[in-house]
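To start, the structure under review is shown below, and the notes come after it.
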Amino acid sequence: MSEMKIGVIGTGAIGQTHIERINTKLQGARVIACADPNADFCKSIAEKFSLKAYDDPKDMINADDIEAVVVTAADNFHEEYVLAAIEAGKYVFCEKPLAPESNACRKIVDAEIAGGKQLVQVGFMRRYDPGYRQLKELIDSGDYGAPLMLHCAHRNPEVSGFTTEMSVENSLIHEIDVLRWLLGENYETAEVVFPRTTRNAEGELRDPQIMYLTTESGIRIDVESFVNCKYGYDIKCEVVCEEGTLTLPEPANVMKRVDAARVTPICRDWSERFVDAYNIEFQEWINACKEGRVDGPTAWDGYVGQVTAAAASKARDAQSVMTIEFDEKPAFYN
Ligand code: NAI
């Protein structure tokens, strides 16, 4: 089977890592073009990876030789390019968030349904992390009884230019998606509380924060977001079930015994922690597109994620518990 030809929109940090991964590590596809309104920068990336450079991403989406599109532009531009790809009838992988506003996500859902074919996948890569996959298998086995509570944490060593709002919208959006997928249930309520703020928080930033979610069956989730934890990039998830607890495995790193201490390294950032997840995510996306289907997180998952994030943001601003209300799931996504 021939290689699927891909165009990447947005040649910033993650765009470049995806180009490199598809063209050097994965099989069955090749990035042949890129587009970014920052023309000189786009040309330099195109030269580096031997791609054709487009100033206008829509020209690239509509080019005859482009079979699928990857959107890694800044958040506010996702909607425009995803809609253009749907109109062109091309598979589109869009980095999270599908769009910053839930109305825009709903517009994408409606456009996809109107087109009559599932084309959109959202970049919620945690679903591909081998540790989360093991957790899901164990929960789904039912051997440990029903999940009752989840205790989770999402910690970054430090993040500059971060605002109080970004904890939910940029960090916890990953937990919002992966925990819903793990449990196979929608959320009902959201709340965000502020512990004492670290002295390492810049300006007005409230850090850490704790988001509480409840699900339809009453499972209670707490997730800590701490973007100035200083020591490393650390992701935790413990699922307390009726007859046992299940804990997300730590990345496999050698433990050293040195200087009268046991030392096991912790990842420094998300790109290191989730490198396997990104590779698996893209390989499976390529394989599915070539078989004519989408089997990863859908535009509907993108919509549900943004509705939940919006409710959590409201809850944070109002310092109260918010009920989360979704539209009814269209049969198209069953
Ligand atoms: P970045 O700022 O490094 O790159 C963004 C690129 O978008 C820049 O090259 C910029 O010139 C380009 N851009 C701006 N306006 C555009 C437009 N109108 N059309 C096309 N391109 C445009 O940002 P980064 O970190 O690469 O993030 C890109 C996207 O990937 C964001 O949506 C972000 O949320 C997502 N992301 C997802 C991650 C994950 O864990 N799945 C991790 C990091 C980023």
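Order of appearance sets the numbers: ligands from 1, and atoms from 1 within every ligand. The analysis underlying the following values was restricted to heavy atoms, covering all of them including side chains, and did not include hydrogens, waters or symmetry mates.
Atom 28 (C) of ligand 1 has T72 O, 3.3 Å as its closest protein atom, hydrogens excluded (heavy atom only). For atom 39 (C) of ligand 1, the closest non-hydrogen atom of the protein is Y278 OH, 3.2 Å. Protein heavy atom in closest approach to atom 11 (O) of ligand 1: D36 OD1, 2.7 Å. Remark: minimum distance from atom 25 (O) of ligand 1 to any protein heavy atom is reached at A13 CB, 4.0 Å. The closest protein non-hydrogen atom to atom 21 (N) of ligand 1 is P37 CD, 3.2 Å.
For F124, the closest heavy-atom approach to ligand 1 does not fall below 4.0 Å. Taking a 4.0 Å cut-off on heavy atoms, F274 fails to register as neighbouring ligand 1. Distances shorter than 4.0 angstrom occur between a heavy atom of H78 and an atom of ligand 1. Ligand 1 lies nowhere less than 4.0 angstrom from a heavy atom belonging to Q16.
Short contacts between ligand 1 and A73, defined as distances under 4.0 Å to a heavy atom of the residue, involve ligand atoms 7 (O), 20 (C), 21 (N), 22 (C), 28 (C), 29 (C), 31 (C), 32 (O). Atoms of ligand 1 lying under 4.0 Å from any heavy atom of T11, numbered from 1 in the order shown and given with element: 9 (O). Less than 4.0 angstrom separates some heavy atom of G123 from each of these atoms of ligand 1: 41 (N). The M125 neighbourhood of ligand 1 comprises atoms 40 (O), 41 (N), with distances under 4.0 Å to a heavy atom of that residue. Taking every heavy atom of G12 and a limit of under 4.0 angstrom, the matching atoms of ligand 1 come to 3 (O), 4 (O), 6 (C), 9 (O), 26 (O).
Taking only nitrogen or oxygen atoms, main chain and side chain alike, P57 does not reach within less than 3.5 Å of ligand 1. Residue-to-ligand polar distances keep N38 apart from ligand 1: every N/O pair is separated by 3.5 Å or more. Residue I14 places at least one N or O, backbone or side chain, under 3.5 Å from an N or O of ligand 1.
Under 4.0 Å from ligand 1, not a single heavy atom of N170 appears.
In summary, the side chains of E112 and Y333 do present a donor paired with an acceptor at a separation below 3.5 Å, with no hydrogens or angles considered.
Atom OG1 of T247 is separated from atom CG of L135 by 7.5 Å, given to the nearest 0.5 angstrom.
Cation-pi contact between R273 and Y233: absent, since separation from the ring centre below 6.0 Å together with deviation from the ring axis within 45° is not met.
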* To do: Begin from the C-alpha positions of F274 and I235 and carry the test side-chain contact (heavy atoms from CB on, under 4.5 Å) through to its verdict.
  => CA-CA 10 Å; F274 288 111; I235 300 295; 4.0 Å; yes
